[in-house]
Amino acid sequence: MKDFKFHNPTKVIFGRGKISEIGKELKRDGIKKVLMVAGKGSIKRNGVYEQTIESLKNNGIKWVELWGIMPNPRLSKVYEGIDIAREDDCDAVLAVGGGSVIDAAKGIAAGIPYDGDVWDFYTGGPPSKVHPIYDILTISATGSEMNGNSVVTKDDTLEKKGMHGAPLTNPRASIIDPSVQFSLPKEQTAYGAIDAITHVAEFYFNGSKELNFPDRLCESLIRTIIDNTDVLLDNPEDYDARAELAWSATMALNGMTAVGRGRGDWASHQIEHALSAIYDIAHGAGLAIVLPAVLEFNRDIHRDKIEQFGERVFGAREDADMVLERLRNMYVEWGAPVRLSDVGIPEEDIPKIASNGSIGYPIGHPRKLSREDVEAILRLAL
Ligand code: NZQ
Ligand code: ZN
């Protein structure tokens, strides 16, 4: 095991009916007024908005609202939120939604006390002062509820970039009520699961030799995500399966899977961010296309690990190519795309994707990938 430091300051409040606790959390921290950030309206249809407002009222917390954060959130909405929060003197930002809403809220929280352009934090170093962030999670996927990352797309250049401001940009408290995810469309449940699997895979396939606990933690997380996604695609209202999937997805990117292992690969994510920036596809859908292709490209350095993964996750010791075929087949069964053509992206777009500014060359670990390598990976995904 490699040496490590592990610090995660986010308080997680998990369970059915727990949205009612948000007001109390804010009050305890001395927060008087929040900017509530939300997406396109799912929280009005499934009762999450009502529960949130009731809890704020019960605890004397004032609020203003910013709606319309889209999946793959845009920088322009972050600017809008910063302006509103400053004008209305909000002393915290409360995200109510999925990763896109939470990420936009983190950008707003970093931008409020900053004199310059908040985009600086996505292209340079992390912020040194951030407004307090809280969230009520409505889809398990990104792990944003328990990490300090925010991923935002710049409107004009279509660069999708991450701010990595932990621990300052970690939510102070996150409410995870798995039952509010009963209303998710099936494809969103599947894309969320694929995102979480890929977060684990980015660390698992990082060139480290076999590790006992770190490897088994990753394998257990992925197996749990698979089993519970299978249940949920048949029965979206199975509470226990929602809860198991929710906590596994949070654990998949809260720092635990990095412990003892060192840095991750993150090539699949960088390449996917170019896809979702240009074509506005769901992040998990893009990862279903990219991760198997990256592993195929790198299979010689990861051969033992891919076969170990096959044995411990899919239950059969097989050749690496067969394991990757199983992974793709599982994604197809879940209704996800696994080829660029499945989402209508033609071969002639490959150079444009590989030169999108979301990808900061060289990418990947341990193997450093060039633009030509990324083009080759995308051709494996045709
Ligand atoms: O906008 P609303 O109406 O809320 O609808 C959303 C959206 O259409 C809907 N939804 C969410 N909860 C629901 C629901 N519909 C019904 N019932 C519910 N309970 O689901 C759709 C997708 O939401 P979104 O927030 O976009 O999903 P996700 O959580 O997958 O977030 C994806 C974004 O996070 C970034 C991705 O790149 C992408 O921009 N990532 C963030 C990371 C992080 N902060 O650590 C890491 C990831 O690797 C990723 O890059
Ligand atoms: Zn991801």
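Atoms within a ligand are numbered from 1 in the order they appear, just like the ligands themselves.
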Out of Val96, Thr142, Leu137, the nearest non-hydrogen contact to atom 40 (N) of ligand 1 is supplied by Thr142
Is atom 6 (C) of ligand 1 less than 4.0 angstrom from at least one protein heavy atom? no
Ignoring angles and geometry beyond distance, decide whether Ser150 reaches within less than 3.5 Å of ligand 1 through its nitrogen or oxygen atoms. no
More than 12 heavy atoms of other residues, nucleotides or ligands under 6.0 Å from NZ of Lys44: is that the case? yes
If you look at Asp195, which of its N/O/S atoms is nearest to the Zn ion (ligand 2)? OD1
Of Gly99, Ser276, Ala38, which has the heavy atom at the shortest distance from atom 29 (O) of ligand 1? Gly99
Heavy atoms only: which of Lys160, Arg74, Gln270, His283 is nearest to atom 39 (O) of ligand 1? Lys160
Is the shortest side-chain heavy-atom distance between Asn59 and Leu26 below 4.5 Å? no
Run down the list Lys106, Gln188, Glu202, Glu145 and name the one with the heavy atom closest to atom 22 (C) of ligand 1. Gln188
For the Zn ion (ligand 2), which N, O or S atom of His269 is at the shortest distance? NE2
Run the numbers for me: atoms of ligand 1, each under 4.0 Å from some heavy atom of Gly39, listed by number. 1 (O)
Point-to-point distance, once rounded to the nearest 0.5 Å, from CG of Leu217 to CE of Met256: 5.5 Å
Which of the atoms in ligand 1, numbered in the order shown and given with their element, are less than 4.0 Å from a heavy-atom of Pro71? 7 (C), 8 (O), 26 (O)
From Leu184, Ile139, Val152 - option closest to atom 13 (C) of ligand 1 by heavy atom: Leu184
Looking at atom 9 (C) of ligand 1, tell me if a protein heavy atom falls under 4.0 Å from it. no
